[in-house]
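Quick caveat, the model's predicted, so the values are computed rather than measured.
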Amino acid sequence: MRRPRLIIALVAAATAVLAGLLVAAPAQAANVLANPGFESGTAAPWTCESAQVVASPVHSGSSAIRSTGGASTTGRCALTVSVQPSSTYTLSAWVRGSHVYIGATGHGQTWTGSPGAYTRLTTSFTTGANQTTAEVYFHSWYGQGDYWVDDLELDGPPGGGEGGVPGAPGSPRVDQATDGGVTLSWNAASGDVDGYTVRRPGAADVETTATSVTVGGLAACTTYAFTVAAFNGEGESPASAVSARTSGCPESGLADRALIGYLHSSFANGSGYIRMADVPSEWDVVNLAFGEPTSPTSGDIRFSLCPAAECPNVETKAEFIAAIDRKQAEGKKVLLSIGGQNGQVQLTTTAARDAFVSSVGAIIDEYGLDGLDVDLEGHSLYFNAGDTNFRNPTTPVIVNLIAALRSLTAEYGDDFVLSMAPETFFVQVGHQFYGGAGGGDNRTGSYLPVIHALRDQLDVLHVQDYNSGPVMGLDGQYHNMGGADFHIAMTDMIKAGFQVANTGQFFPGLREDQIAFGLPAAVSAGNGHTAPAQVHQALDCLTSGANCGGYTLRGGVSPDLRGLMTWSINWDRYYGWEFMNSHRPYLDGL
């Protein structure tokens, strides 16, 4: 809050009296930058292309910022500050990494090569006769990789007012949701703050002096987009965005702690074929692998049981359907999974979109299924150049898939179960690289617009925490598959949400009951097999905050986490049901 003027005046008077008794000393310049050492835990109010606050390495304090000079970005961060005209300022920063620059827009800059330890950079500039603001920045260069910055200083006379506009509010989040309202909260903004303004399209602004607010008069089971900005007498901060969904949604009938597995129904491999009737009752959701297109761009999805020549013990179609009926009578869900490793589904045209809706609906009706699992891999999803807004995608394969899934969920109603099983490359890697922004692989992050568009219809997202390279988490560290750490960090990203690469957009997190995570059932099922004890550690951390191994949950605990997914039921049987026998009791005990 703004300091009382009376106190300021009294302090100033006392200082003047004291100055007459002491020997005059040179005036000391003040650091006019907000959050100069990133000790707030966020980059705000700095605006960054792609950056993370990290705990190591730091120059001083507990935090520094790490950014990346990538194929199409310099990893630039910038901050606009209030300054006085015709005044000299000295900008400095402690930096390490390859090719780091600091400077002020319209003035000078300085840089250093590749210091292995923190090195101080310093540059000076003089403002123009009518200049009242200045943009200071730091960045690397294309293709130079990670660099770190800490303890920035801009020494010189403060601008008008008491330090300019505040910084952006940090980490906006949803504390509570009811059928008719939501409670939002956020971290206090840096600088002098008189209050906060909460906005949503089509509604009146809400102002508060607190760091939380309850917004009522909303519709049930609906997602709303909010922004929060801080203000004072000098103006308003950059806005921070958050999405919130009201409660009151119809129940899909999924188990509270779901054990989800894929069943090799249409093909054989080394793990052997399992008849539907022989799937143990411990499995709450059975995803039939796979429905595949007649050609990658046809949209015409087909599904049939494994041929007897490949699977000698395959049941008849009538027996298969009867076994599905019995599973459903027990409260289980059986879904058609489309795609998989080999099933490329590219809905490049509206004709393919319509064929997809028609053919998927026909399979669901023919077998009496409960819904659809979207397991698109490989080159099914990608971005055209310039498609950088996940909220409003323009690439046909993404736009048409969204439309098709909306059509199916609307046709079948509230009981329809929709799940998705993307790889980390198509979701969490979008935090660092976004395919539509140019450079690198145009598929990175390509599930994000699909997840976001269907977030009100999506029952469970179980990202494949396997067959993955290292992925940067919200802690600014790279995490590797195969241990509790990877599942904790990757799942926390889905709950908390994250900045989408250099697009300037924030992907809002999902509700905890929409989130599970996937892993191989056994060592032969895929790279990234995780020992049961490590899986249980991850579940403990995510659901209660215990046993996190030093990781701090950015999205908070998730006591209603949906459960676990595995590839596959067949591989689990082949290895003596280790996955099922280890995790079914543990999920039940949470």
Side-chain angles (χ1 to χ4, degrees), residues 223 243 260 262 287 290 296 335 337-341 343-348 353 356 371-384 387-406 408-409 418-437 440-469 471-473 481 489-501 503 505-511 514-518 562 565 567:
T223 298
S243 292
I260 304 165
Y262 286 80
N287 291 329
F290 286 106
L335 314 182
S337 182
I338 58 166
Q341 180 178 347
Q344 302 299 300
V345 180
Q346 298 174 337
L347 305 184
T348 55
R353 174 200 66 194
F356 180 92
L372 183 66
D373 173 68
V374 184
D375 183 11
L376 300 186
E377 303 176 17
H379 291 270
S380 292
L381 296 181
Y382 56 83
F383 291 110
N384 289 341
D387 189 352
T388 59
N389 185 347
F390 73 86
R391 298 176 185 274
N392 295 289
T394 58
T395 305
V397 294
I398 293 175
V399 172
N400 289 330
L401 177 63
I402 290 170
L405 295 178
R406 282 177 168 163
L408 286 165
T409 55
L418 177 65
S419 66
M420 299 182 188
E423 297 167 289
T424 58
F425 181 78
F426 300 106
V427 183
Q428 289 95 334
V429 174
H431 179 43
Q432 275 191 289
F433 308 103
Y434 198 64
D441 196 312
N442 68 343
R443 300 172 298 159
T444 50
S446 56
Y447 247 92
L448 294 179
V450 182
I451 295 168
H452 184 71
L454 276 299
R455 64 173 57 236
D456 283 349
Q457 293 80 32
L458 182 62
D459 290 290
V460 59
L461 175 74
H462 33 61
V463 175
Q464 300 178 31
D465 286 359
Y466 50 94
N467 297 334
S468 171
V471 183
M472 179 184 286
M481 62 183 182
M490 295 301 99
T491 307
D492 189 41
M493 292 183 75
I494 301 302
K495 172 71 181 302
F498 51 85
Q499 201 71 29
V500 180
T503 65
Q505 308 223 5
F506 184 84
F507 177 79
L510 297 179
R511 302 189 322 271
Q514 293 178 294
I515 304 170
F517 61 85
R562 182 61 71 178
M565 175 274 281
W567 177 264

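Under the rule for a side-chain contact (heavy atoms from CB on, under 4.5 Å), the partners of Thr348 that lie at least two apart in sequence or sit in another chain are Thr297, Gln346, Tyr382, Val397. Listed by chain and number, the residues in a side chain to side chain donor-acceptor pair (under 3.5 Å) with Thr223 are Asp456 (sequence neighbours excluded). Taking Thr503 as the reference, nothing meets the side chain to side chain donor-acceptor pair (under 3.5 Å) condition, with sequence neighbours excluded. With sequence neighbours excluded, the residues forming a ring pair (Phe, Tyr, Trp, His ring centres under 6.0 Å) with His431 are Phe498, listed by chain and number. For Arg391, the side-chain contact (heavy atoms from CB on, under 4.5 Å) criterion is met by Ser243, Asn389, His452, Gln505, Pro508, not counting sequence neighbours. For Met481, the side-chain contact (heavy atoms from CB on, under 4.5 Å) test picks out Ser468, Phe486, Asn527, with sequence neighbours left out. Residues that satisfy the side-chain contact (heavy atoms from CB on, under 4.5 Å) test with Glu423, not counting sequence neighbours, are Glu377, Phe426, Gln464. Remark: Asn287 pairs with no residue by the side chain to side chain donor-acceptor pair (under 3.5 Å) rule, at least two apart or across chains. With sequence neighbours left out, the side chain to side chain donor-acceptor pair (under 3.5 Å) criterion links Arg353 to no other residue.
Using modelled atom types, no side-chain atom of Asp459 and backbone atom of Ser419 make a donor-acceptor pair closer than 3.5 Å. In this structure, Gln344 contributes its side chain and Pro296 its backbone to no donor-acceptor pair below 3.5 Å. Under a 3.5 Å cut-off, the side chain of Thr409 and the backbone N or O of Leu405 do form a donor-acceptor pair.
Proximity of Leu461 to Ile494: side-chain heavy atoms (C-beta onward) are separated by under 4.5 Å at one or more points. Looking only at side-chain heavy atoms (C-beta outward), Thr424 and Tyr466 stay at 4.5 Å or farther from each other. Using a 4.5 Å cut-off on side-chain heavy atoms (C-beta onward), Val427 and Phe507 make no contact. For the pair Val463/Met490, no side-chain contact is recorded, criterion being any heavy-atom separation below 4.5 Å from C-beta on. Annotation: side chain of Ile402 is in contact with side chain of Pro393 (closest heavy-atom distance under 4.5 Å).
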> Given the rule in the side chain to side chain contact (heavy atoms under 4.5 Å, CB included) test, do Leu454 and Met420 qualify, once you have shown the distances and angles that lead to the verdict?
Replying inline: CA-CA 10 Å; Leu454 276 299; Met420 299 182 188; 4.0 Å; yes
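For the atom pair Phe425 CZ and Tyr447 OH, the distance stands at 13.5 Å (nearest 0.5 Å). The CE atom of Met493 sits 9.0 Å away from the CE atom of Met472 when rounded to the nearest 0.5 Å. Between the OG atom of Ser380 and the CD1 atom of Ile398 there is a distance of 11.0 Å, given to the nearest 0.5 Å. Rounded to the nearest 0.5 Å, atoms OG1 (Thr444) and CG (Leu381) are 12.0 Å apart.
Nearest heavy atom pair, residue Asp387 against residue Thr394, reads OD2-N, 3.0 Å. Minimum interatomic distance between Asp375 and Ser337 (heavy atoms only, all atoms of both residues): CB-OG, 3.6 Å. Here the shortest heavy-atom pairing between Thr395 and Asn384 reads OG1-N, 2.8 Å. Of all heavy-atom pairs between Ile515 and Val460, the closest is C-CG2, 4.5 Å.
Between Tyr262 and His462, the angle of the ring planes goes over 60°, which puts this pair in the perpendicular group of the 30/60° scheme.
Taking the six-membered ring for Trp and the full ring otherwise, the centers of Phe383 and Tyr434 sit less than 6.0 Å from each other.
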